[in-house]
Amino acid sequence: MREDKAVDFTFTEEQQAAVEAAKAVFSGVAPDAVPSPALTAGAVADDFDRPLWAKLAASDLLGLVLDAEYGGAGLDPIALCLVLRESAKVLARLPLLETSAVAMAVQRYGRAELRRELLPTIGRGELVLTVAANGRTGHDGAELAVTARQDGDIWVFDGTQTGVPWAQTCDRIAVPAHTADGRTVLALVPRAHTGVTLAEQISTTGERFGELHLEAVRADTSTVIDAAGAWEWLRNLLATGTCALALGLGEAVLTMTSQYTGKREQFGHPVATFQAVAVQAADRYIDLRAMEATLWQAAWRISTGAQGALPVAGDVSVAKIWASEGVRRVVQTAQHLHGGFGADTDYALHRYHAWAKQLELALGPAAAHEEALGDLLAAHPLSQSA
């Protein structure tokens with residue numbers, strides 16, 4: 001995005017090209033390509049959409065945020081969020097956010113040998129990454145769920161992380177952990193590694209999640225990122241990417257609702273012409289525009305490092321509050337305006353509702369981010385920042 005003197009934000013040509021490439025890749029994706037989570041006792045599938053992953057690699061979208069020296073396009077988190085927005089419109093079953101966000105953290109904070117080992121393979125689609133960002137319960141910081149201690153040139157990790165997306169099918173898991181002196185480090189742990197065990201969990205969307213257990217897991221120093229601020233930066237990027245997914249999903253749902261109410265007739269007229277229906281749809285449109293504005297503010301802060309009255313985490317929390325509340329209201333209104341048809345498992349809307357609930361709660365619901373924002377406001381009084 002560019003910022004001129006009139007504070008007119010526009011997407012760059014490269015960012016717009018990424019959107020067009022993403023639209024082309026996702027144009028053939030069917031949201032109902034796997035069994036319905038409402039009708040499936042276990043996971044809807046054993047793996048993510050590998051053929052679609054290969055198409056993203058062939059279109060150079062997996063290397064979008066990597067520097068040219070690693071075979072990437074060198075774009076920023078804004079471009080990633082634009083692509084994520086398109087992916088959510090069709091409920092693309094991919095670890096795109098997790099892989100891209102961890103790759104950017106490695107590129108920004110990782111040691112040179114780790115960058116050389118991992119980053120070139122990511123753009124080619126050969127390496128899949130995920131991140132354990134949920135902690136033990138989803139209510140405490142993820143870094144508090146695992147301990148880290150050094151034993152010479154080796155780091156040793158113990159603890160449990162729940163709700164790790166794509167855990168059974170990724171190659172490496174980024175695990176935040178805390179040290180005895182209060183530092184946070186980030187380990188890139190292979191899924192198949194001594195001391196690592198995974199218990200299967202099922203997400204609201206019906207996808208396979210994992211409960212990750214680490215018992216005296218030993219990791220070489222080169223695979224551990226101990227730079228100050230690395231986990232905070234990655235966590236902010238993950239939350240912002242989740243907001244982009246919520247926005248894309250909400251836009252798709254509002255489009256579905258508009259099309260349905262434009263065709264569904266009562267008393268000889270499309271229900272979309274009824275004032276009560278139009279007002280509800282207009283309110284949800286306002287929600288989406290607020291979600292969009294706060295998303296790009298957060299993504300811009302992360303991309304540019306621009307200073308503000310609050311740390312970037314404040315903008316991220318504002319975006320996540322709007323994303324969580326907004327996407328919930330959008331799908332609830334859609335269900336209401338669709339009537340009983342919205343709950344029909346042969347119709348895709350119920351899938352979007354399940355994904356919306358997952359995104360609403362992922363990396364903290366609105367209430368958690370309201371609390372975090374309050375803490376930031378207390379620590380950084382705006383009157384002193386002016």
Side-chain angles (χ1 to χ4, degrees), residues 1 11-12 14-27 29 31 48-49 52-53 55-57 59-66 72-73 75-105 122-123 125 128-131 133 165-166 170 174 203 205 207 233-255 288 291-303 315-316 319-320 322-324 326-327 330 351-352 355-356 358-364:
M1 298 172 80
F11 297 115
T12 66
E14 292 82 4
Q15 291 165 347
Q16 292 170 342
V19 173
E20 294 306 314
K23 287 181 177 179
V25 172
F26 295 128
S27 62
V29 177
F48 62 86
D49 193 337
L52 183 58
W53 192 252
K55 290 180 181 179
L56 286 176
S59 299
D60 296 326
L61 289 172
L62 294 183
L64 190 71
V65 294
L66 300 178
L75 298 188
D76 56 14
I78 295 171
L80 173 61
C81 287
L82 285 166
V83 174
L84 290 169
R85 180 187 190 178
E86 296 303 319
S87 75
K89 292 178 181 179
V90 295
L91 305 184
R93 303 175 47 258
L94 298 168
L96 179 59
L97 169 58
E98 294 82 6
T99 295
S100 299
V102 175
M104 292 189 78
I122 291 172
V128 179
L129 305 173
T130 191
V131 56
W166 319 107
C170 72
S203 72
T205 63
E207 301 294 341
W233 188 89
L234 175 55
R235 182 177 57 201
N236 283 333
L237 179 56
L238 289 167
T240 303
T242 302
C243 295
L245 293 170
L247 175 62
L249 185 150
E251 289 173 331
V253 167
L254 190 60
T255 297
L288 290 174
M291 291 165 64
E292 184 176 22
T294 54
L295 162 65
W296 297 132
Q297 172 69 13
W300 175 73
R301 287 286 305 275
I302 294 174
S303 297
D315 288 300
V316 173
K320 189 58 169 68
W322 272 105
S324 293
V327 77
V330 167
R351 297 174 183 270
Y352 284 88
W355 280 65
Q358 182 70 41
L359 293 172
E360 176 190 348
L361 301 178
L363 294 159

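- The minimum heavy-atom distance linking Glu360 with Ser324 is given by the pair O-OG, 2.9 Å.
- Judged as a side-chain hydrogen bond (donor to acceptor under 3.5 Å, both in side chains), and not counting sequence neighbours, Thr99 has no contacts.
- Distance check, rounded to the nearest 0.5 Å: OG1 of Thr242 to CG of Leu363 gives 4.5 Å.
- Counting all heavy atoms, side chain and backbone alike, Gln15 lies closest to Thr12 at OE1-N, 2.9 Å.
- For the pair Val65/Ser100, a side-chain contact is recorded, criterion being any heavy-atom separation below 4.5 Å from C-beta on.
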Would Leu96 and Leu62 count as a side-chain contact (heavy atoms from CB on, under 4.5 Å) if you check the C-alpha gap in whole Å, the side-chain angles of each, and the deciding distance to 0.1 Å?
CA-CA 8 Å; Leu96 179 59; Leu62 294 183; 3.8 Å; yes

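- Across all their heavy atoms, Trp296 and Leu82 have their closest contact at CH2-CD2, 3.5 Å.
- Thr240 approaches Ala298 most closely through the heavy-atom pair OG1-CB, 4.0 Å.
- Residues forming a ring-ring contact (aromatic ring centres under 6.0 Å, His included) with Phe48 (at least two apart in sequence, or on another chain): Trp53.
- Considering CD of Glu251 and CD of Glu86, their distance stands at 8.0 Å, rounded to 0.5 Å.
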Given the rule in the side-chain contact (heavy atoms from CB on, under 4.5 Å) test, do Thr294 and Cys243 qualify, once you have shown the distances and angles that lead to the verdict?
CA-CA 9 Å; Thr294 54; Cys243 295; over 6 Å; no

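- Judged by distance alone, with hydrogens and angles left aside, the side-chain atoms of Asp76 form a donor-acceptor pair with the main-chain N or O of Ala79 at under 3.5 Å.
- Counting heavy atoms from C-beta outward, Trp322 and Glu292 have side chains that stay 4.5 Å or more apart.
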side-chain contact (heavy atoms from CB on, under 4.5 Å) assessment of Trp166 paired with Glu98:
CA-CA 9 Å; Trp166 319 107; Glu98 294 82 6; 3.6 Å; yes

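- Leu52 is listed as a side-chain neighbour of Phe26, based on a closest heavy-atom distance under 4.5 Å.
- For the atom pair CG (Leu249) and CG (Leu84), the distance works out to 12.5 Å, reported to the nearest 0.5 Å.
- Note that the CE atom of Met291 and the CZ atom of Arg85 stand 9.5 Å from one another [nearest 0.5 Å].
- Formation of a donor-acceptor pair under 3.5 Å by the Ser59 side chain with backbone atoms of Leu61 is not found in this model.
- Between Leu288 and Leu247, the closest side-chain pair of non-hydrogen atoms falls below 4.5 Å.
- The line from CG of Leu75 to CD of Glu14 is 6.5 Å long, rounded to the nearest 0.5 Å.
- When all heavy atoms of Ala88 and Leu245 are compared, the pair lying nearest together is CB-O, 3.1 Å.
- Val327 has its side chain out of reach of Tyr352: every pair of non-hydrogen atoms, C-beta onward, lies at least 4.5 Å apart.
- Distance check: Leu129 CG to Leu97 CG gives 11.5 Å after rounding to the nearest 0.5 Å.
- Heavy-atom minimum distance, Leu80 versus Leu64: N-CD2, 4.1 Å.
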